[in-house]
Amino acid sequence: MQITIPDDYQNCVRGLDCYASLAAHEVTIYHDNTKDLDELARRFAAADAIVLTRERTAVGPALLDRLPRLRLISQIGKTAAHIDLAACTARGIAVAEGKGSGAATAELAWALMLASRRHLVREANGLRAGRWQATLGQELRGQRLGVWSYGRIGRQVAGYGAAFGMKVWVWGGPESTAAARADGVEVAPTREAFFAQSDVLTLHLRLSDATRGVITPADLARMRPDALLVNTSRAELIEAGALAAALQAGAPGYAAVDTFESEPILGADHPLLHLDNALCTPHLGFVEKDNYEAYFGMAFDNINRFFAGVPANLANPEVLTRLRGV
């Protein structure tokens with residue numbers, strides 16, 4: 001079968017151990033990102049299956065209508081709004097998805113907290129430039145850690161906070177707060193208190209129609225001038241433009257972010273990259289060797305099972321009655 005893999009930014013997919021499982025297929029890999037419909041249609045035209053890495057490439061009806069050969073989309077991680085599931089199903093295209101532990105993202109969130117609180121990037125760059133000690137860092141022990149959403153990743157981050165001697169509390173929906181209480185983790189009394197009293201506030205919500213823009217300028221304005229907001233989830237959880245404006249106003253005083261509204265960011269073309277109180281990384285949360293082996297391994301396994309006639313992990317199982325070529 002013809003397999004196409006877009007958005008391999010680091011040119012690393014062929015070097016993964018799990019790549020050997022695609023030996024029976026012809027594979028084409030692209031290392032850049034394009035959102036041009038004509039170019040995407042050209043790249044995917046010969047594909048029986050495409051492998052999507054998270055939400056890097058969107059697939060909707062206009063593109064699907066130009067891919068009559070496509071039978072399977074194998075998604076790295078869970079499907080989201082970047083794939084029009086109904087349009088895929090209507091055209092007989094199966095969508096398989098995977099899952100991971102979230103450990104890599106949780107660890108990056110913690111690394112960002114430590115790096116921001118101790119000004120590590122500024123100090124390391126200063127030392128290379130011939131300077132010595134320009135900032136005064138702040139330890140995490142004893143500070144209040146706010147975790148919004150106590151799910152797969154949020155639970156791990158809360159555990160790190162407890163291990164570091166932080167006072168951990170949680171905010172989120174009924175299911176999230178119930179899980180936190182069951183684990184003996186404190187739940188913030190109100191949303192207002194959660195923002196106003198957290199020294200470090202970290203976001204671990206999934207992006208959906210309900211959570212898009214859920215964090216408002218009013219929420220951010222409640223944060224203290226010495227507070228830190230960490231976002232390794234999705235930039236769109238925060239109202240557009242609100243975080244940059246809040247950082248310029250001084251509340252919160254700091255942010256550490258790993259996600260942006262439109263990716264990749266090239267040429268430093270984003271307002272957060274020009275703020276001294278923002279630490280920014282290029283969506284590295286899930287970008288880790290073991291994590292890639294697990295995610296891509298499952299995606300490749302889903303391809304082999306599908307073309308062997310035993311499809312698994314389908315996000316649209318109803319498509320089985322109308323699969324192309326079946």
Side-chain angles (χ1 to χ4, degrees), residues 101-127 131-172 176-177 179-205 215 219-233 237-238 243 246-247 250-259 272 275-281 284-285 288:
S101 70
T105 301
E107 288 181 5
L108 182 75
W110 201 255
L112 288 174
M113 290 181 206
L114 290 169
S116 181
R117 276 305 195 219
R118 299 300 295 271
H119 309 293
L120 292 185
V121 174
R122 180 178 174 186
E123 291 289 2
N125 289 339
L127 184 60
R131 298 188 297 273
W132 186 260
Q133 293 188 4
T135 66
L136 189 63
Q138 192 172 24
E139 66 181 19
L140 295 175
R141 182 177 60 87
Q143 293 204 335
R144 169 71 73 178
L145 174 64
V147 180
W148 189 330
S149 189
Y150 190 76
R152 180 172 51 96
I153 298 174
R155 178 181 277 107
Q156 295 178 68
V157 174
Y160 298 160
F164 270 69
M166 299 187 77
K167 296 174 288 186
V168 181
W169 65 2
V170 168
W171 188 250
S176 179
T177 53
R181 288 190 178 98
D183 285 350
V185 178
E186 182 182 356
V187 174
T190 64
R191 175 170 173 156
E192 292 76 12
F194 182 71
F195 277 92
Q197 298 175 31
S198 294
D199 297 293
V200 180
L201 195 154
T202 180
L203 306 178
H204 300 290
L205 299 84
I215 297 164
D219 292 321
L220 298 175
R222 291 189 176 93
M223 299 184 72
R224 296 199 304 267
D226 59 350
L228 166 65
L229 176 75
V230 180
N231 187 5
T232 56
S233 185
L237 296 170
I238 303 173
L243 182 56
L247 290 171
Y254 304 92
V257 301
D258 187 48
T259 63
L272 289 178
L275 298 178
D276 290 338
N277 53 347
L279 172 61
C280 303
T281 51
L284 300 175
E288 181 271 331

Worksheet item: For V200 and R117, what are the C-alpha separation, side-chain angles and deciding distance, and is it a side-chain contact (heavy atoms from CB on, under 4.5 Å)?
Response: CA-CA 9 Å; V200 180; R117 276 305 195 219; 4.0 Å; yes
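- Considering only residues two or more places apart in sequence or on other chains, F195 meets the ring pair (Phe, Tyr, Trp, His ring centres under 6.0 Å) condition with W148.
- With hydrogens and angles disregarded, a donor-acceptor distance shorter than 3.5 Å links the side chain of S101 to the backbone of A103.
- A donor-acceptor contact under 3.5 angstrom links the side chains of Y150 and D183, judged on distance only.
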Fill in: Candidate pair R191 and D219, rule side-chain contact (heavy atoms from CB on, under 4.5 Å), full reasoning
CA-CA 8 Å; R191 175 170 173 156; D219 292 321; 2.5 Å; yes
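- Using a 4.5 Å heavy-atom threshold, the side chains of E186 and V170 count as separate.
- R144 CZ: more than 12 foreign heavy atoms inside a 6.0 Å radius.
- Closest heavy-atom contact between P252 and L229: CG-CB, 4.3 Å.
- A distance of 11.5 Å separates CG in L243 from CG in L237, rounded to the nearest 0.5 Å.
- Taken to the nearest 0.5 Å, the CE atom of M223 stands 4.5 Å off from the CG atom of L201.
- The minimum heavy-atom distance linking A179 with R155 is given by the pair CB-NH2, 3.7 Å.
- D199 places no side-chain N or O within 3.5 Å of a backbone atom of A227 that could act as its donor or acceptor partner.
- For A115 against L279, the heavy-atom pair with the smallest separation is CB-CD2, 3.8 Å.
- Once rounded to the nearest 0.5 Å, the distance linking CD of Q197 with CD of E192 reads 11.0 Å.
- The side chain to side chain contact (heavy atoms under 4.5 Å, CB included) check on A251 picks up nothing, with sequence neighbours excluded.
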Item to complete: Please test T190 against F194 for side-chain contact (heavy atoms from CB on, under 4.5 Å), starting from the C-alpha separation and ending with a verdict.
Response: CA-CA 6 Å; T190 64; F194 182 71; over 6 Å; no
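- Atom CG of residue L275 and atom CG of residue L247 lie 6.0 Å apart, to the nearest 0.5 angstrom.
- Checking side-chain atoms of E139 against main-chain N and O of R118 turns up no donor-acceptor pair under 3.5 Å.
- With hydrogens and angles ignored, the 3.5 Å screen pairs no side-chain donor or acceptor of T232 with any backbone N or O of D258.
- The side chain to side chain contact (heavy atoms under 4.5 Å, CB included) test with V147 is passed by exactly one of I153, T202, V185: T202.
- Atom CG of residue L228 and atom CG of residue L112 lie 8.5 Å apart, to the nearest 0.5 angstrom.
- Panel note: side chain T281, backbone L284; no donor-acceptor pair is recorded below 3.5 Å.
- Pairing each heavy atom of M113 with each of V157, the nearest pair is CE-CG1, 3.9 Å.
- Considering every non-hydrogen atom in both S116 and Y254, the closest pair reads OG-CB, 4.2 Å.
- Considering only residues two or more places apart in sequence or on other chains, W169 meets the side chain to side chain donor-acceptor pair (under 3.5 Å) condition with S198.
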Discussion item. side-chain contact (heavy atoms from CB on, under 4.5 Å), that's the test. Do V257 and V230 meet it? Break it down for me.
Written reply: CA-CA 6 Å; V257 301; V230 180; over 6 Å; no
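- Taken to the nearest 0.5 Å, the CE atom of M166 stands 5.5 Å off from the CD atom of Q143.
- Heavy atoms only, all atoms of each residue included: L220 and I238 are closest at CD1-CG2, 4.2 Å.
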